[in-house]
Protein chains: 2
Amino acid sequence: MQPAGPPADIPTPPWRASKKRPTARQPLSAEAVLDTALRIVDRDGLDGISMRRVAQELGTGAASLYAYFANKDELLEQLLDRVIGDIPLPSAEAADWIAEVKESCWESRAVFVAHRDLVKVARANLPVGPNSLRYTEAMLAVLRGAGIPDRVAAWGMDQLSLVIVADAIEVSIHISRGQQTEADAAPWLAEVSGYYANLPQDRFPNLVAMAPVMIEGSGDERFAFAIDLMVDGLARYVGSDGPNSGQVAA
Amino acid sequence: MQPAGPPADIPTPPWRASKKRPTARQPLSAEAVLDTALRIVDRDGLDGISMRRVAQELGTGAASLYAYFANKDELLEQLLDRVIGDIPLPSAEAADWIAEVKESCWESRAVFVAHRDLVKVARANLPVGPNSLRYTEAMLAVLRGAGIPDRVAAWGMDQLSLVIVADAIEVSIHISRGQQTEADAAPWLAEVSGYYANLPQDRFPNLVAMAPVMIEGSGDERFAFAIDLMVDGLARYVGSDGPNSGQVAA
DNA sequence: ACCTGAACACCGTTCAAGT
DNA sequence: ACCTGAACACCGTTCAAGT
């Protein structure tokens with residue numbers, strides 16, 4: 001009697017293989033859903049992700065996802081927190097706390113940029129996800145350890161993440177515009193600069209004069225400028241007793 | 001013989017009036033489309049706007065809008081520029097340029113917040129719309145007039161608008177969450193603070209200790225902190241020769 | 001008890017067919 | 001030449017009906 005299926009050494013016929021999903025069917029779980037969602041975001045960006053598409057790649061229907069996530073927003077929020085888990089934690093033991101904070105800003109930006117425009121879902125300022133909490137704790141340890149007043153530490157962290165997220169979004173927009181490298185972006189920037197240069201001189205004297213400067217500087221240089229501005233500003237609060245009481249040295 | 005329509009002093013029957021659109025049908029134009037779109041955004045927010053809905057309120061089909069706008073994104077971009085036209089231009093003749101710049105930041109925020117979450121569509125940093133150009137020109141005049149180097153002026157404006165937009169988005173999120181006033185937001189904030197306070201003390205010593213501070217400060221206080229940090233930071237570049245060459249006084 | 005197919009109420013955009 | 005109804009290819013979310 002023949003066995004029901006073909007022996008193991010005979011290749012599965014292609015029309016049979018094509019019906020199988022590439023990965024063995026794992027039982028559905030929040031973890032598995034996030035894995036799949038992240039794969040889609042990395043491949044197609046935020047516009048490419050939908051509840052239906054995630055479900056399809058898991059071999060089920062969109063409705064099944066609602067057992068694990070209240071809605072699409074919650075799924076994306078948890079996905080972002082997962083990615084935040086890839087950011088190395090800054091150390092409060094670092095010799096130079098200013099360098100440590102700046103370094104962490106660069107690392108955060110790198111992690112966000114590595115996942116297309118997922119960072120666009122970053123919204124509210126108060127961290128809630130487990131990885132966001134861990135990161136916040138570590139950064140607060142550095143800032144408080146440096147002698148920055150609590151209120152300045154809290155508000156300053158807020159501003160720092162705001163700048164990082166905004167910058168990462170901008171980079172991700174350039175990337176999805178097909179401008180992976182600085183060189184790719186050059187033609188578009190030159191066009192904008194030319195547009196400024198040809199504005200009516202009498203009504204736009206400053207824009208005309210600054211046409212070349214407006215597009216100057218790589219993304220990295222601009223990010224460095226912003227981070228330095230912020231962190232150096234925060235450093236001036238060391239040992240003071242807060243943002244509104246003790247006047248910061250002028 | 002009776003005239004075809006009723007005399008002017010007899011009210012139009014309700015079933016006839018109800019068939020009329022509330023406003024007289026104006027021929028379609030980019031202007032008219034933007035008027036309608038802004039009305040919808042102000043009423044229902046960004047989630048409430050769609051090409052179909054805008055068209056419907058204009059008494060036509062969605063396809064007709066594509067004669068004036070390449071797509072929805074372009075429509076929203078022009079809509080934002082229109083709103084930016086409501087921001088008063090800062091004056092380069094002001095006695096205290098620092099106060100003038102800060103004042104303009106507050107005015108910008110107010111205009112954005114007045115239109116729900118429309119500000120969410122603000123993206124790229126280089127201004128292109130006519131009103132964005134006018135505003136940029138005026139702000140550059142102030143910064144250059146104050147003696148800030150061109151490159152710092154360009155990058156600084158960038159950062160300033162980034163902070164304003166991010167803050168306005170946050171305020172708009174609070175508002176759409178039904179927290180119009182600071183008092184409305186209080187219960188939610190207290191909940192988050194309580195969550196921080198109950199985190200495991202050994203792994204989150206700083207968050208636990210700072211639980212009350214994390215939610216401290218009104219939106220206005222936090223915005224003031226951010227703007228002061230930025231503008232005061234920029235002021236330190238007055239008379240220097242740029243961000244990366246002449247070292248800023250420490 | 002858990003899962004899901006099918007339905008509901010929408011989308012942005014295109015284009016053939018009308019005036 | 002201009003405009004638009006209808007179609008295309010999607011959405012997020014719900015829920016009745018199945019196992």
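Lettering follows sequence order; numbering is per chain, from 1.
- As judged by a 4.0 angstrom heavy-atom cut-off over every strand, A/A62 is placed among the base-contacting residues.
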* Could you run down nucleotides 5-12 of chain D 5' to 3' and tag each one B, S or - for protein heavy-atom contact under 4.0 Å? -> B-B---BB

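- A donor-acceptor pair is defined here as one N or O able to donate and one able to accept, closer than 3.5 Å; such a pair exists between the side chain of A/S172 and the backbone of A/I169.
- Salt bridge status for A/K120 with A/D117: present, with a side-chain N to carboxylate O gap under 4.0 Å.
- Salt bridge status for B/D47 with B/R116: absent, with no side-chain N to carboxylate O gap under 4.0 Å.
- B/R39 has no carboxylate O lying under 4.0 Å from a charged side-chain N of B/D44, or vice versa, which leaves the two without a salt bridge.
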* Structure fact -> Parsed dot-bracket for DNA chain C after applying the Watson-Crick and G-U rules with both distances under 3.5 Å and | for other-strand partners is ||.|||||...|||||.||

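- With salt bridges taken as basic N to acidic carboxylate O contacts below 4.0 Å, none links A/E57 and A/R52.
- Between C/dC2 and D/dA17, the distance separating the two C1' atoms is 13 Å to the nearest Å.
- Residues B/R203 and A/E137 are not paired through a salt bridge, judged by the lack of any N-O separation under 4.0 Å between the basic side chain and the carboxylate.
- A straight line from CD of A/Q56 to C1' of C/dT4 spans 15 Å, rounded to a whole angstrom.
- Salt bridge status for A/R109 with A/D220: present, with a side-chain N to carboxylate O gap under 4.0 Å.
- Here the P atom of nucleotide D/dC3 and the CG atom of B/L28 are 8 Å apart, to the nearest Å.
- Taking the C1' atoms as reference points, C/dA9 lies 13 Å from D/dC10, given to the whole Å.
- Between B/D158 and A/R222 a salt bridge is recorded (basic side-chain N to carboxylate O distance below 4.0 Å).
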